[in-house]
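Residue numbering restarts at 1 for every chain, and letters A, B, ... go by the order of the sequence lines.
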Amino acid sequence: MKTKYREFLAIEITPELEGKKVRIAGWVHSVRRVGKIAFLVLRDFTGTIQVTFRVPRDADDETKAKFKELVKKVASLSPESVVMVEGVVRKDPRAPRGVEIVGENVEVLSEAKSPLPLDVAGKVDAHIDTRLAARPIDLRRPESQAVLRLVSLAAKAIRSYLYELNFTEVFTPKIIASGTEGGAQLVPVFYFGKDAFLAQSPQLYKELLTSSLEYVFEIAPAWRHEESDTPYHLAEFISVDVEMAFADYNDVMKVLENVIKRVTDNVRNEGSTWLKILNHEPPEVTLPIPRISYKEAWEIIKSEGFDIEPGEDFGTPELRKLAEVLEKEGKTSGGFFFIVDWPADVRPFYTKRKGKEIIGGRELDLSESFDLNWRHLEISSGSTRIHRREELEKEMSLRGLNPESFEWYLKWYDYGMPPHAGWGMGLQRLMVPIAGIPNVRLATTFPRDMKRLVP
RNA sequence: GCCGCGGUAGUAUAGCCAGGCCUAGUAUGCGGGCCUGUCGAGCCCGUGACCCGGGUUCAAAUCCCGGCCGCGGCGCCA
């Protein structure tokens, strides 16, 4: 798109434009001066283009003097300054992309101070802490930008698939009166003099919406004030939530595995430029993604020598080992696998029960629930939900929650709530295998964690 | 919250265990110089740092104590 400041983007400068006078704008990626020539590499969000400034050999003295000044001016530009450049496109095999712009004029729109907080041109790697502290500038680095590009492509793939299935994208309130689930710590806010909280999940609202829009999804932030200081936790993360009327957990697992498939395929197709920069290939996902029951998983973990009680949730070392065993036996799809039928006790109150089973010599109440893991990392979890009020109240009481404080939610179960099921997925966690990043913060524009509130 | 490791120029690192040879090395950056095709340009000159406080010692970047900060692991969770 042509704007006041530029007629072309860096990537659009091609040999076919030979001889055309163009105006472009962007950042000073680098300047190299070789004798009387100055090479300016200009960068925008599409890439880089070299602009060459030189004194023409066969020109009059006045022109020569003008260009001599220009070369000097270009050579003195500080890296990351914002400039607008005018010049003529020239096909030249000596130029990095076989084409360059012979510069005729430079206007500095914004001068960058020196030194920079980190090396944008990327000769010296910075630590993640340095990068996040200087995130606006870190994101100018192609590697950093590539990750956010892939996040965007992933979100696009999720949306397009769910729209195809007739899901409605919804937006639920993010300021709420009470917690939806036990456990996770809520982030308090002041709300017109009342105590309120930031939503830790759209769970209850998306469930209520299945009684009208039926198939709904949301991609939005969620907040958890947990004491979780790891590469996989954020105080504010992007949650992909799906909820479906007249469906059970097997139905929504199918939706989920197709979402994963669509994301990996779409990222591979449309994101090759960014994957190449990151030197990464997303996992090859074939459907169906293998399912393993909690019982089977528990038995594998137990047989690997872990001291674990029947009905206990799995810890990270246990999940690492389980994933290792399953991968060795080819029982994952590109590292993805489902663990289904969890003990009801370790799942939230709205999870539908499934009957009893003997595990490790103990009789346990199971539930119609699942986790989707990529190796040891929990990417998503979901379940068939309870759609009867009495059962919900019972489950709340069992978990020490007071049904009265959920009356605003429960009362609508008296007026025709369909059977439904759904899941929630951490978008940044999904990006760990998709973009090959070691830390979910890198898939976040400006991450919020226990220690970071700015930038 | 617990455990482990760490904090040296703008960035990334060497030095620390075995205190003195550190006037703290290197890369990159930055300032200047040479060079009319660089493309991680090259060469020359210059520039800039031991997290904070206390202690041990003739002597501390180095050893000890406390604090602050960071990274990783665990727990908890998406």
Side-chain angles (χ1 to χ4, degrees), chain A residues 29-41 48-57 64 67-68 71 74-76 78-80 90 92-98 100 102 112-134 137-138 141 181-185 200-203 221-241 313-320 346-348 371-374 376-382 423-432 438-441 443 449-452:
Chain A
H29 191 64
S30 70
V31 179
R32 281 184 290 272
R33 189 178 172 172
V34 181
K36 295 188 177 75
I37 305 183
F39 298 98
L40 162 65
V41 176
T48 57
I49 181 71
Q50 175 167 285
V51 188
T52 302
F53 294 86
R54 52 143 54 94
V55 179
R57 280 208 169 92
K64 279 185 175 172
F67 274 92
K68 209 175 157 187
V71 168
V74 169
S76 71
S78 58
E80 295 306 311
R90 173 165 304 167
D92 193 321
R94 293 171 300 184
R97 282 172 40 204
E100 65 183 8
V102 178
K113 265 195 204 168
S114 179
L116 295 160
L118 49 76
D119 184 4
V120 176
K123 288 170 194 162
V124 181
D125 287 334
H127 294 154
I128 189 165
D129 184 45
T130 308
R131 293 175 55 188
L132 295 177
I137 290 175
D138 173 56
R141 299 169 60 247
E181 308 163 47
Q185 278 289 303
Q200 61 184 179
S201 158
Q203 182 64 32
W223 293 267
R224 299 201 184 165
H225 215 154
E226 292 181 74
E227 301 281 316
S228 298
D229 192 8
T230 84
Y232 308 111
H233 288 84
L234 293 164
E236 178 181 79
F237 68 100
I238 302 300
S239 183
V240 179
D241 277 275
D313 203 351
F314 305 142
T316 309
E318 287 91 335
L319 287 173
R320 282 182 200 273
V346 297
R347 308 298 285 200
D371 276 4
L372 175 70
N373 272 50
W374 181 77
H376 67 284
L377 193 59
E378 198 181 308
I379 302 286
S380 169
S381 68
W423 45 262
M425 174 170 73
L427 182 62
Q428 288 103 331
R429 283 195 177 181
L430 175 64
M431 296 315 293
V432 169
N439 192 312
V440 292
R441 276 153 252 249
D449 58 32
M450 283 179 75
K451 296 161 185 163
R452 264 171 274 263

Quiz item: With distance as the sole criterion, is a donor-acceptor pair present between the side chains of T230(A) and H233(A) under 3.5 Å?
Solution: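 H233(A) and T230(A) do have a side-chain donor-acceptor pair below 3.5 Å.
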Quiz prompt | Paired and unpaired positions of RNA chain B as dot-bracket, Watson-Crick or G-U wobble under 3.5 Å, | denoting a partner strand | solution = (((((((..((((......[....))))((((((.......))))))...(((((..]....))))))))))))....
Minimum-distance nucleotide (side-chain atoms of [X] versus [options]):
{"X": "S381(A)", "options": "C77(B), A78(B), U36(B)", "result": "A78(B)"}
{"X": "H233(A)", "options": "C77(B), G37(B), C30(B)", "result": "C77(B)"}
{"X": "T130(A)", "options": "C35(B), C77(B), U11(B)", "result": "U11(B)"}
{"X": "P96(A)", "options": "C39(B), C77(B), A78(B)", "result": "C39(B)"}
{"X": "V34(A)", "options": "C35(B), C77(B), C30(B)", "result": "C35(B)"}
{"X": "R94(A)", "options": "U28(B), U11(B), G37(B)", "result": "G37(B)"}

Practice problem: Indicate, yes or no, whether a donor-acceptor pair under 3.5 Å links the base of G37(B) to the side chain of R32(A). | Solution: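 No such pair is found, so the answer is no.
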Quiz item: Got a donor-acceptor pair under 3.5 Å from the side chain of R429(A) to the base of C77(B)?
Solution: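 Checked by distance alone, the answer is yes.
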Just how far, in rounded Å, is [atom2] of [N] from [atom1] of [X]?
{"X": "D92(A)", "N": "U36(B)", "atom1": "CG", "atom2": "C1'", "answer": "13 Å"}
{"X": "L319(A)", "N": "C77(B)", "atom1": "CG", "atom2": "C1'", "answer": "12 Å"}
{"X": "R97(A)", "N": "C39(B)", "atom1": "CZ", "atom2": "P", "answer": "18 Å"}
{"X": "I37(A)", "N": "C35(B)", "atom1": "CD1", "atom2": "P", "answer": "13 Å"}
{"X": "W423(A)", "N": "A78(B)", "atom1": "CH2", "atom2": "C1'", "answer": "12 Å"}
{"X": "D125(A)", "N": "G29(B)", "atom1": "CG", "atom2": "P", "answer": "14 Å"}
{"X": "H127(A)", "N": "A9(B)", "atom1": "NE2", "atom2": "P", "answer": "11 Å"}
{"X": "D138(A)", "N": "G10(B)", "atom1": "CG", "atom2": "P", "answer": "19 Å"}

Checking all strands, does [X] fall into the base, sugar-phosphate, or nothing category for heavy-atom contacts under 4.0 angstrom?
{"X": "L430(A)", "result": "nothing"}
{"X": "V55(A)", "result": "base"}
{"X": "A95(A)", "result": "base"}
{"X": "S114(A)", "result": "sugar-phosphate"}

Quiz item: When you match S30(A) and L118(A) each to their closest nucleotide on RNA chain B, which lands nearer the 5' end?
Solution: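 Of the two residues, L118(A) wins.
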Practice problem: With RNA chain B as reference, determine whether Q50(A) or R131(A) sits nearer its 5' end, using the nearest nucleotide of each. | Solution: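 Looking at the nearest nucleotide for each, R131(A) comes out on the 5' side.
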Gap separating the [atom1] atom of [X] from the [atom2] atom of [Y], nearest 0.5 angstrom:
{"X": "I238(A)", "Y": "L430(A)", "atom1": "CD1", "atom2": "CG", "value": "13.0 Å"}
{"X": "Q50(A)", "Y": "L40(A)", "atom1": "CD", "atom2": "CG", "value": "8.5 Å"}
{"X": "S380(A)", "Y": "R429(A)", "atom1": "OG", "atom2": "CZ", "value": "11.0 Å"}
{"X": "E378(A)", "Y": "L319(A)", "atom1": "CD", "atom2": "CG", "value": "7.5 Å"}

Quiz item: Taking the C1' atom of each, how far is A49(B) from G54(B), in whole Å?
Solution: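 The same atom, C1', in both gives a distance of 23 Å.
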Quiz prompt | Inter-nucleotide P distance (C21(B), C63(B)), Å rounded | solution =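 These two P atoms come out 16 Å apart once rounded.
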Quiz prompt | Contact letters for nucleotides 66-72 of chain B, in which S counts primed atoms plus P, OP1 and OP2 and B counts the base, heavy atoms under 4.0 Å | solution = ----SSS
Quiz item: Should R320(A) be listed as having a side-chain N or O under 4.0 Å from OP1 or OP2 of C74(B)?
Solution: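 So the side chain of R320(A) is within the cut-off, an N or O lying under 4.0 Å from OP1 or OP2 of C74(B).
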Quiz item: So do the side chains of V74(A) and F39(A) get within less than 4.5 Å of each other, counting heavy atoms only?
Solution: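 Sidechains of F39(A) and V74(A): no contact.
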Exercise. Give the intermediate values and the outcome of salt bridge (Lys or Arg N to Asp or Glu O under 4.0 Å) for residues R131(A) and D125(A).
Key: CA-CA 9 Å; R131(A) 293 175 55 188; D125(A) 287 334; over 6 Å; no
Exercise. Taking all non-hydrogen atoms of both residues into account, name the closest pair between E100(A) and I49(A) and its distance.
Key: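 So the two residues come closest at CA-CD1, 4.3 Å.
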Quiz item: Which pair of heavy atoms, one from M431(A) and one from A443(A), lies closest together, and at what distance?
Solution: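 Closest approach of M431(A) to A443(A), heavy atoms only: CB-CB, 3.8 Å.
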Quiz prompt | Centroid under 5.5 Å and tilt under 30°, F39(A) to G37(B) | solution =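 Aromatic stack with G37(B) absent for F39(A).
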Quiz item: Hey, are R441(A) and D129(A) close enough for a salt bridge, meaning a charged N less than 4.0 Å from a carboxylate O?
Solution: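 Not counted as a salt bridge, because no side-chain N and carboxylate O are separated by less than 4.0 Å.
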Quiz item: Would V440(A) and V432(A) satisfy side-chain contact (heavy atoms from CB on, under 4.5 Å), going step by step from the backbone distance to the final call?
Solution: CA-CA 7 Å; V440(A) 292; V432(A) 169; 4.0 Å; yes
